[in-house]
Number of protein chains: 2
Amino acid sequence: MTTIYDVAKRCQVSTATVSMVLTNKGRISDKTRKRVLDAVSELGYIYNQAAANLRHKRSNSVGLLIPDIVNPFYAELIAGLSGYLEENEVLLFLAHTEENVAKQNRLIESLISQNAGGLILCPAPDTDKQFLSSVKHRGIPIVQVVRQCDDAISDYVGTNNFLGVQMATEHLIRQGHRHIAFVGGSLSSQTRAHRIGGYMAKLLEHGIAPNEHYMVSCKASRADGASATHTLLDAHPEITAIIGYQDIVAFGVMRAIKDRGLRVGKDIAVIGFDDVPEASDSSPNLSTVSVSARKIGEAAGECVLARMRGDSANIKSVIFPPQLCIRRSCG
Amino acid sequence: MTTIYDVAKRCQVSTATVSMVLTNKGRISDKTRKRVLDAVSELGYIYNQAAANLRHKRSNSVGLLIPDIVNPFYAELIAGLSGYLEENEVLLFLAHTEENVAKQNRLIESLISQNAGGLILCPAPDTDKQFLSSVKHRGIPIVQVVRQCDDAISDYVGTNNFLGVQMATEHLIRQGHRHIAFVGGSLSSQTRAHRIGGYMAKLLEHGIAPNEHYMVSCKASRADGASATHTLLDAHPEITAIIGYQDIVAFGVMRAIKDRGLRVGKDIAVIGFDDVPEASDSSPNLSTVSVSARKIGEAAGECVLARMRGDSANIKSVIFPPQLCIRRSCG
DNA sequence: CTGAAAGCGCTTACAG
DNA sequence: CTGAAAGCGCTTACAG
């Protein structure tokens, strides 16, 4: 491995000079600079950023912790984030927590140990706030995305879940639906609480009494969405509309409806949440609450980098307004 | 920031002792060990792995470079890889090359500079072999996945593309199809060359002359798959079957067929490649060549870690056999 | 404009 | 069983 020292020896200067050339600091004569640069390429020297970071007590990487890489919503988020980081020459650690707090904690420790300068976290259910605080106290900025385990603990980038589902519910009610179900999400999820809140608030606003049997939780997959829907419709055939907690669940809901010989959008209306790419491509294509995951990723990147660079403004939340995207699945 | 030095001072031992406790090396008396461990938790000390790595000339992170995070195939691959790495306490850098060689090169340099100990690369088209060789000469192991820019340059984990498409083509021919098209992939792609090779070989085997107008390339998205299909069917209405280069393209193919008022699986058969999760969920669900992206991810992880740990066996290829998965989209 | 030297947080042979 | 000291590859204040 060739180091700054080899380069220095090769062109008869000190390592300080080489370092200054490499980092564009101090005044170096053009001849010296050229000598150094030539030696660099002749030797195939690669700058050791990790060593520089150690010396600097600085970092140029951030860690992203997400619960479910297979959900295309997160793929979009990563696309937005990684593009932003790349422009800023910051590297991305990706950690897959799989909704498991213990794993999440382990991964956070590893990331810090590995010198990630900031963390972007979509917290697993029952995330330990104490633990997050202790990370913050170590000076590692955290920004929560999509989900928020506690309001006042860190910056947050996400959408207005309450409003999003309100819009969806309102639309269904205006279409004449009265038996509207809500499928998906895990019981302990704050995000689900907000979404269900929007759903119930709209029902009440229109004088419809929320029926607790119409709200079922399930895991974030097509298969779970489908089986939850079968159970639900077996018990409550009067239901004419279903809001999916996430698109991925809504896809399962649609499949179940079709498997029962019913028509999505005619017999039962479906609306999802997220607007993943497939939503515009399914049959029928899925009406959904659109949240630009890409923008969330970008904004989260912007936010951590600012904090890493010393921005010490008050904790803030960046909330992107949701948009209702009406397609064929709701008639 | 608390260091090994603070811990040492707190329990009146040397930093060497603390280091040994932390890494479970040397003989440390139980009392001393306990003293150290207590101090560690009292001070909230976090081991600086990056510093240890510098000292060791070692690394516990690998970089993954992928061209298209939004394609669910890669999400699956990441799931497999990240699970394996996590078990081995290795961190993952994720780099998104977006099919751009210049960006890919920049990212590779950054990853090395950042002390990634190995690279898993799904090479962008026209990847520079020279550049990859120079990386290898620096002692950074590379394993190529899914695509291979050159046979002899590094380990490779992927599937048998030729065979996979042969199986698909064979199936269609047996169903009686004679006008079979192939949609997708970029012209410079080796992988596409292999897949098209399998397609043509099977046609020839059955005495069907390949028609160059039946092979169209397009970008890896639903929208591009759809528009390529429209153009194709406008010019060649006699076509009764289409093989999609990837599932994501095949979804677009299906959409175009439906938009033309034709029935997928009845009027035109469709087969994809990859078997992403949506394939079993689309309407109709998509017949496809199944390649376990998850397994590829895992195997690639296994392979780089082995190399990082000094395995110097000859370059090898791990080829997973493709499986034809017949569903409704091909009748 | 350039060099000598200390130090980032850790490890490890070498003494004792 | 434990400590003193050199060194991983870089940077930076201080001289000159």
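Quick caveat: nothing in here was measured; it's all calculated off a predicted structure. No hydrogens, no waters, no symmetry mates; every other heavy atom, side chains included, goes into these values. In what follows, every chain begins at residue 1, and chains take the letters A, B, ... in the order their sequences are listed.
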| request: Determine which bases of DNA chain D form Watson-Crick or G-U wobble pairs with both distances under 3.5 Å, and write the result as a 5' to 3' dot-bracket string with | for other-strand partners. | output: |||.||||||||.|||
| task | Apply side-chain hydrogen bond (donor to acceptor under 3.5 Å, both in side chains) to B:Ser188 and list each qualifying residue two or more places apart in sequence or on a separate chain. | result | none
| Reading nucleotides 8-16 of chain C from the 5' end, what letters show protein touch, with B for base, S for backbone sugar-phosphate only, - for no heavy atom under 4.0 Å? | BBBBB----
| said: For the CZ atom on B:Phe131, are there more than 12 heavy atoms of other groups (residues, nucleotides or ligands in this structure) within a distance under 6.0 Å? | reply: yes
| Residues that A:Asp155 engages under side-chain hydrogen bond (donor to acceptor under 3.5 Å, both in side chains), provided they are two or more places apart | A:Arg307
| said: Can you tell me how far apart CD (B:Gln114) and CG (A:Asn60) are? Round to the nearest 0.5 Å. | reply: 4.5 Å
| request: Starting at CZ of A:Arg106, measure out to CG of A:Leu111 and round the result to the nearest 0.5 Å. | output: 12.5 Å
| said: Testing the 3.5 Å rule here: is there a donor-acceptor pair between the side chains of A:Ser29 and A:Thr32? | reply: yes
| Non-neighbouring partners of A:Lys34 that pass side chain to side chain contact (heavy atoms under 4.5 Å, CB included), sequence neighbours left out | A:Asp38
| What nucleotide, of C:dG3, D:dG3, C:dT2, holds the atom closest to the side chain of A:Val13? | C:dG3
| message | Run the side-chain hydrogen bond (donor to acceptor under 3.5 Å, both in side chains) test against A:Ser292 and tell me which residues pass, sequence neighbours left out. | response | none
